[in-house]
Protein chains: 2
Amino acid sequence: MSGRPREFDIDTALDQAVQIFWRQGYEGTAISDLAETLGINRPSLYAAFGNKEALFRKALDRYTATVTSYVQEAFKEPTARGVAERLMLGAADATTREGCPQGCMGVQGALAASVESDRIRYLLSDWRSAAQADIQGRFERARSEGDLPPEVDPADLAAYVTTVMYGIAVRAASGATNAELRRTATLAAQSLPW
Amino acid sequence: MSGRPREFDIDTALDQAVQIFWRQGYEGTAISDLAETLGINRPSLYAAFGNKEALFRKALDRYTATVTSYVQEAFKEPTARGVAERLMLGAADATTREGCPQGCMGVQGALAASVESDRIRYLLSDWRSAAQADIQGRFERARSEGDLPPEVDPADLAAYVTTVMYGIAVRAASGATNAELRRTATLAAQSLPW
DNA sequence: ACCTTTATTTACTCGTCGTTACATTACCCC
DNA sequence: GGGGTAATGTAACGACGAGTAAATAAAGGT
């Protein structure tokens with residue numbers, strides 16, 4: 001037990017891996033990109049994380065825990081309206097952080113991919129579906145609390161809000177500014193169907 | 001002049017190239033994928049289209065002329081409201097055609113990419129910006145025709161509608177059905193800000 | 001001081017990538 | 001039925017992809 005100590009911090013490395021996968025996507029990222037940026041050799045990466053797919057999964061977990069934590073925060077808003085607004089504004093902020101890539105890793109990580117990367121495409125597809133399901137859960141709670149009028153379907157509402165969030169991510173990747181995206185988020189929040 | 005005749009139809013080939021780029025994205029597609037599907041050899045592809053980037057550009061043109069022609073159609077609607085609704089419903093339909101990949105080639109073709117594919121990323125970014133600008137132009141016309149209340153900004157409206165369209169494309173890539181996406185489009189159309 | 005353990009380094013495998021040279025084949029024109 | 005022309009098929013190019021084998025280096029325990 002306990003041999004030669006690792007010369008790099010594994011969480012720092014993961015943070016940098018997040019940045020690169022976020023910017024270049026799964027297929028657009030080579031292990032050598034990561035190794036170069038981290039200043040370590042490829043075998044050290046393999047020793048620490050397994051393989052490319054395992055590293056991406058860990059990077060996605062870290063991304064979820066940090067960048068998209070605003071989703072859980074938004075759920076604490078007392079009203080469904082407040083939740084929806086904070087979700088969409090949060091998406092605008094998270095996709096236009098300075099010093100970070102524009103857009104959302106969960107969206108642009110592997111929207112389309114070759115057959116060899118299908119597993120990652122599905123991983124991200126599930127990631128997005130899980131987010132939508134979480135949001136739907138929050139709106140179902142709102143309905144049971146009488147916070148949502150009965151004619152508003154929580155599933156429809158969650159679908160709508162996530163659609164706007166994903167659209168914001170795409171526009172961020174197209175170079176839209178934070179101000180522009182926040183305007184869209186506000187407009188969408190003001191014109192909610194109740 | 002006029003030597004040996006080409007053994008494949010160049011437009012059919014382009015159609016098939018659209019399908020593959022649409023499904024796998026730019027970086028996820030290898031020239032051998034295309035050659036295999038078209039049943040021709042790689043050098044024939046190069047002779048006919050130049051290189052991978054040129055082929056993608058031509059495929060995108062074809063995609064635009066066919067799959068996204070609903071955008072120009074929607075502009076013919078008499079009211080801004082009708083235009084917006086048809087755009088979003090059209091996006092739902094175009095991203096869930098049967099026999100075609102789920103999603104939008106202009107969105108998932110290269111949202112994130114390696115540095116070597118930056119040119120294609122920008123190409124698609126410009127493609128999306130051009131679409132948004134077109135839509136904004138239509139709403140500006142609507143405003144000058146008195147069809148839009150003065151408090152509604154055509155730029156904001158176009159931004160909002162394209163956001164929903166892109167979000168629909170992402171959800172289609174996540175496996176959402178046509179019916180689900182049309183519900184979202186209808187909901188978004190009903191809750192337009194005027 | 002030695003042994004075990006684990007990380008690092010260097011060098012390599014093997015497949016695939018985009019792209020191209022070269023020889024061959026099929027058509028039109030005269 | 002030869003030339004000219006432009007497509008095809010075969011085979012290769014160099015670069016780079018993910019992943020690994022083997023030797024070396026640095027720590028802890030005894």
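Quick note on labels: first sequence line is chain A, next is B, and so on, each numbered from 1.
Counting to the nearest Å, the P atom of D/dA6 and the CD atom of B/E7 are 17 Å from each other. In this entry the distance linking OH of B/Y46 with C1' of C/dC22 reads 17 Å, nearest Å. We find that CG of B/L45 is positioned 15 Å from C1' of C/dC17, with the value rounded to whole Å. C/dT16 atom P lies 15 Å from atom NZ of B/K52, rounded to whole Å. D/dC13 atom P lies 21 Å from atom CD1 of B/I31, rounded to whole Å. B/F56 has its CZ atom 14 Å from the P atom of C/dT19, to the nearest Å. Taking atom CD of B/E27 as the reference point, atom P of C/dT16 lies 18 Å away to the nearest angstrom. Distance B/L34 CG to C/dT19 P: 12 Å, rounded to the nearest Å.
With DNA chain C read from its 5' end, the first of the two nearest nucleotides for A/R6 and B/A30 is the one closest to A/R6. Taking the nucleotide of DNA chain C with the nearest heavy atom to each of A/A47 and B/R42, the more 5' of the two is matched to A/A47. Closest-nucleotide positions on DNA chain D for A/P43 and A/D33 were compared, and the one nearer the 5' end corresponds to A/D33.
Phosphate contact (OP1/OP2 of D/dG9, side-chain N/O of B/N41, threshold under 4.0 Å): present. For B/N51 and C/dG18, the shortest distance from a side-chain N or O to OP1 or OP2 is not below 4.0 Å. Not one side-chain nitrogen or oxygen of B/R4 sits closer than 4.0 Å to the OP1 or OP2 atom of D/dT8. A sub-4.0 Å separation between OP1 or OP2 of D/dT8 and a side-chain N or O of B/S44 is present. A/S32 has a side-chain polar atom (N or O) that falls below the 4.0 Å cut-off from OP1 or OP2 of D/dG17.
Contact detail for B/N41 and B/A35: the closest heavy-atom pair is C-CB, 4.2 Å.
Using bins of under 30°, 30° to 60° and over 60° for the plane-to-plane angle, the ring pair A/F56/A/Y26 lands in the perpendicular bin.
One finds no salt bridge joining A/D61 and A/K58 here, because no Lys/Arg side-chain nitrogen approaches an Asp/Glu carboxylate oxygen to under 4.0 Å. At a threshold of 4.0 Å, the pair A/R57-A/E53 counts as salt-bridged, since one of the basic side-chain nitrogens sits closer than that to a carboxylate oxygen. A salt bridge does not link B/D147 to B/R141: none of the charged nitrogens lies less than 4.0 Å from a carboxylate oxygen.
In this structure, A/T29 reaches the sugar-phosphate backbone alone: every heavy-atom distance under 4.0 Å involves primed, P, OP1 or OP2 atoms, never a base.
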